[in-house]
*Asks:* 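Pasting a structure here, questions to come.
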Amino acid sequence: MASNKRILKKEIRMICGALAGECVIAKITVPGIDPEKLNEIIYELAELQYNALSRVNFDFPQSPKAFASAAEYNKARSAYFKAAYRKLKGEFNAHVEAIVKKMNEALPQAQKDANKAALKA
């Protein structure tokens, strides 16, 4: 994921938007697909995006006065942010994987077979 908050937020929006776009395209072009399942997935993507974006902004819970030196403060602050963003990234990716599985389950079996045949060709 991104090196700063602004880019991270853009990537979250891009990923969620692309997946929602795939759902809309599938609703329009794939015969026999259940549009209600895809609508539920789109709502879940919107909720994921909202929650992920709201979790990007957070503060280090301690002040520099709690540390013996500025170097210790910076080291602890850096470790805190790395761990927090690692957790956010892991949870976001796990949720995206679950949504992609739901998207694949929404496809009718005939379309799945056609996709497999196209890959082999």
*Asks:* By side-chain hydrogen bond (donor to acceptor under 3.5 Å, both in side chains), which residues pair with Asn74, not counting sequence neighbours?
*Replies:*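 None.
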*Asks:* Which atoms form the tightest heavy-atom contact between Phe67 and Gln62, and what is the distance?
*Replies:*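 Heavy atoms of Phe67 and Gln62 come nearest at CZ-OE1, 2.8 Å.
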*Asks:* Donor-acceptor check, side chain of Asp59 to backbone of Pro61, threshold 3.5 angstrom: yes or no?
*Replies:*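 A pair under 3.5 Å: no.
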*Asks:* Indicate, with yes or no, if Leu107 and Ile42 share a hydrophobic cluster defined by side-chain heavy-atom contacts under 4.5 Å among Ile, Leu, Val, Met, Phe, Trp and Tyr.
*Replies:*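 No: no chain of side-chain contacts under 4.5 Å links Ile42 to Leu107.
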*Asks:* Do Val100 and Ile41 share a hydrophobic cluster, counting only Ile, Leu, Val, Met, Phe, Trp and Tyr and linking them when any side-chain heavy atoms are less than 4.5 Å apart?
*Replies:*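 Yes, Val100 and Ile41 fall within the same hydrophobic cluster.
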*Asks:* List the atom pairs, with distances to 0.1 Å, where a side-chain N or O of residues 13-30 and a protein N or O form a donor-acceptor pair under 3.5 Å, not counting sequence neighbours.
*Replies:*
| unit_1 | atom_1 | unit_2 | atom_2 | d |
| --- | --- | --- | --- | --- |
| Lys27 | NZ | Asn39 | OD1 | 2.6 |
| Thr29 | OG1 | Ile25 | O | 2.8 |

*Asks:* Can you tell whether the side chains of Lys102 and Glu44 come within less than 4.0 Å, N to carboxylate O?
*Replies:*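 A salt bridge links Lys102 with Glu44.
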*Asks:* Suppose we screen for ring pair (Phe, Tyr, Trp, His ring centres under 6.0 Å). Which residues come up paired with Phe58, at least two apart in sequence or across chains?
*Replies:*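 Phe58 satisfies ring pair (Phe, Tyr, Trp, His ring centres under 6.0 Å) with Phe81, Tyr85 once adjacent residues are dropped.
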*Asks:* Are any non-hydrogen side-chain atoms of Leu45 and Gln49 less than 4.5 angstrom apart?
*Replies:*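 The answer is no; the side chains never approach within 4.5 Å.
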*Asks:* Give the minimum heavy-atom separation between Pro31 and Pro108, together with the two atoms involved.
*Replies:*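 Nearest pair, atom of Pro31 first, then Pro108: O-CG, 3.6 Å.
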*Asks:* Can you tell me how far NZ of Lys82 sits from CZ of Arg77, rounded to the nearest 0.5 angstrom?
*Replies:*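 Rounded to the nearest 0.5 Å, the CZ-NZ separation comes to 12.5 Å.
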*Asks:* Distance from Phe92 atom CZ to Ile12 atom CD1, nearest 0.5 Å?
*Replies:*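 So the CZ of Phe92 and the CD1 of Ile12 are separated by 5.5 Å.
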*Asks:* Taking the side chain from Ser54 and the backbone from Asn51, do they hold a donor-acceptor pair closer than 3.5 Å?
*Replies:*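 The answer is yes, because a donor-acceptor pair under 3.5 Å joins these two groups.
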*Asks:* Above 12 or not: heavy atoms from other molecules or residues under 6.0 Å from NZ of Lys112?
*Replies:*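 Atom NZ in Lys112 is crowded, with more than 12 foreign heavy atoms closer than 6.0 Å.
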*Asks:* Find out whether Ile99 and Val96 are in side-chain contact, i.e. whether some heavy atom of one side chain is under 4.5 Å from a heavy atom of the other.
*Replies:*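 Not touching, per the 4.5 Å side-chain cut-off.
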*Asks:* For the residue pair Leu88 and Ala52, what are the closest heavy atoms and their distance?
*Replies:*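 Smallest heavy-atom distance, with atoms named: CD1-O, 4.3 Å.
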*Asks:* Who passes side-chain hydrogen bond (donor to acceptor under 3.5 Å, both in side chains) against Arg55, sequence neighbours left out?
*Replies:*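 Glu91.
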*Asks:* What's the separation between atom OH in Tyr73 and atom NZ in Lys65, rounded to the nearest 0.5 Å?
*Replies:*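 One finds 12.0 Å between OH of Tyr73 and NZ of Lys65.
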*Asks:* Under the rule for side-chain hydrogen bond (donor to acceptor under 3.5 Å, both in side chains), what residues qualify as partners of Gln111, not counting sequence neighbours?
*Replies:*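 In terms of side-chain hydrogen bond (donor to acceptor under 3.5 Å, both in side chains), with neighbours along the sequence ignored, Gln111 is linked to Asn115.
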*Asks:* List the residues meeting side-chain contact (heavy atoms from CB on, under 4.5 Å) with Glu97, not counting sequence neighbours, and say none if there are none.
*Replies:*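 By the side-chain contact (heavy atoms from CB on, under 4.5 Å) rule, Glu97 matches no residue at all.
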*Asks:* If I take atom CE from residue Met103 and atom CG from residue Leu38, how far apart are they, to the nearest 0.5 angstrom?
*Replies:*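 One finds 7.5 Å between CE of Met103 and CG of Leu38.
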